[in-house]
Amino acid sequence: MINELYQLTDKIYQLTQTFSDKNREKDIQKLEYLLLKRRDLIEKLPPKSRNTESMGKKIVEMNKAIESKADLNSASNYGGSPFAKSEKKA
């Protein structure tokens, strides 16, 4: 399962490195799909796998790059980014 998560994270990482205005809508749709699929995999991982596997560490590194490269809050039509912190509106 960690291998599948790694592959999916790598796809997301590669996609965020090649975003273009020309394919913006298509890229956003693909990103949303991949993020949802990845979130499902993360929820299925046992806690030990998240912290101890060397691939898990690489996934965390790629995730940081993904977050800094993509404005995920505005990209998602599914209630915002799975990485976004909840904010209370006054």
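Of all heavy-atom pairs spanning I12 and L35, the tightest one is CD1-CD2, 3.9 Å. A pairwise comparison of heavy atoms in L31 and T16 identifies CD1-CG2, 4.4 Å as the closest pair. Residues L34 and L15 come closest through the heavy atom pair CD1-CD2, 4.3 Å.
Side-chain contact between I59 and R38 is present, with at least one heavy-atom pair separated by less than 4.5 Å. Residues Y6 and K58 meet the side-chain proximity criterion, which asks for heavy atoms closer than 4.5 Å.
The distance from atom NZ of K11 to atom CE of M62, rounded to the nearest 0.5 Å, is 12.5 Å. Expressed to the nearest 0.5 Å, how far NZ of K30 lies from CG of N23 amounts to 10.5 Å. The structure places OH of Y13 at 8.5 Å from CD1 of I66, a figure rounded to the nearest 0.5 Å.
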